[in-house]
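Reading through the structure tokens given below for one structure.
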Amino acid sequence: MRYPLRITVMTTIIAGLSACQTMTPEERRAADEQRCLSYGFRRGTDGFATCLQRIDLDRRAESRAQSAELMDSMAWDLNNGPYVYRDRWRYHH
């Protein structure tokens, strides 16, 4: 099995296993609220709402970064090396 294919398989397995341990939306919201409270924000304030928003935006950015990393790892031609993908990878013979 080629190295890039191994990475793809391992990433898929890890993603599948981590999906088993996800939080419900209610649990995630409670954890986010506790985090903001631990920073000193009070419920019902603009600062508290901003804190929650920033946590959510950070979570979404992390998700996009992980997705991009997975797509980059899958951008390999099994016979000739990597595909050229947005000028990130170049294969020279």
Side-chain angles (χ1 to χ4, degrees):
M1 191 181 286
R2 297 187 69 191
Y3 188 72
L5 188 56
R6 287 183 186 174
I7 291 174
T8 303
V9 170
M10 291 302 293
T11 303
T12 304
I13 290 170
I14 291 169
L17 290 175
S18 67
C20 297
Q21 300 176 5
T22 58
M23 299 171 78
T24 66
E26 294 81 13
E27 291 171 334
R28 186 176 303 118
R29 174 65 181 222
D32 292 349
E33 287 182 1
Q34 283 301 317
R35 187 172 176 189
C36 290
L37 289 170
S38 74
Y39 293 151
F41 295 107
R42 291 181 310 220
R43 283 187 173 93
T45 63
D46 288 343
F48 189 78
T50 301
C51 178
L52 290 173
Q53 181 184 38
R54 288 182 179 170
I55 290 172
D56 185 55
L57 291 173
D58 184 54
R59 187 177 292 119
R60 291 178 188 203
E62 181 66 28
S63 177
R64 283 192 305 273
Q66 289 175 354
S67 178
E69 186 177 324
L70 177 62
M71 294 305 289
D72 282 348
S73 72
M74 293 172 55
W76 285 79
D77 178 348
L78 296 177
N79 297 320
N80 298 320
Y83 289 116
V84 175
Y85 178 73
R86 294 187 185 184
D87 296 328
R88 290 185 184 177
W89 298 96
R90 297 188 187 278
Y91 181 78
H92 300 284
H93 293 287

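Atoms CD1 and CZ, on Ile55 and Arg28 in that order, are 12.0 Å from each other to the nearest 0.5 Å. Between the CZ atom of Phe41 and the OG1 atom of Thr50 there is a distance of 7.5 Å, given to the nearest 0.5 Å. Of the inter-residue distances, the one linking Gln34 atom CD with Ser38 atom OG reads 8.0 Å to the nearest 0.5 angstrom. Separation of atoms CG (Asp56) and CZ (Arg60) is listed at 4.5 Å; rounding is to 0.5 Å. Distance CD/Gln53 to CG/Asp46: 11.0 Å, rounded to 0.5 Å.
The residue from Glu62, Arg64, Glu69 that alone fulfils the side-chain hydrogen bond (donor to acceptor under 3.5 Å, both in side chains) condition with Gln66 is Glu62.
One hydrophobic cluster, built from ILVMFWY side chains closer than 4.5 Å, cannot hold both Leu52 and Leu57; they sit in different ones.
In terms of the side-chain hydrogen bond (donor to acceptor under 3.5 Å, both in side chains) criterion, residue partners of Arg43 (sequence neighbours excluded) are, by chain and number, Glu33.
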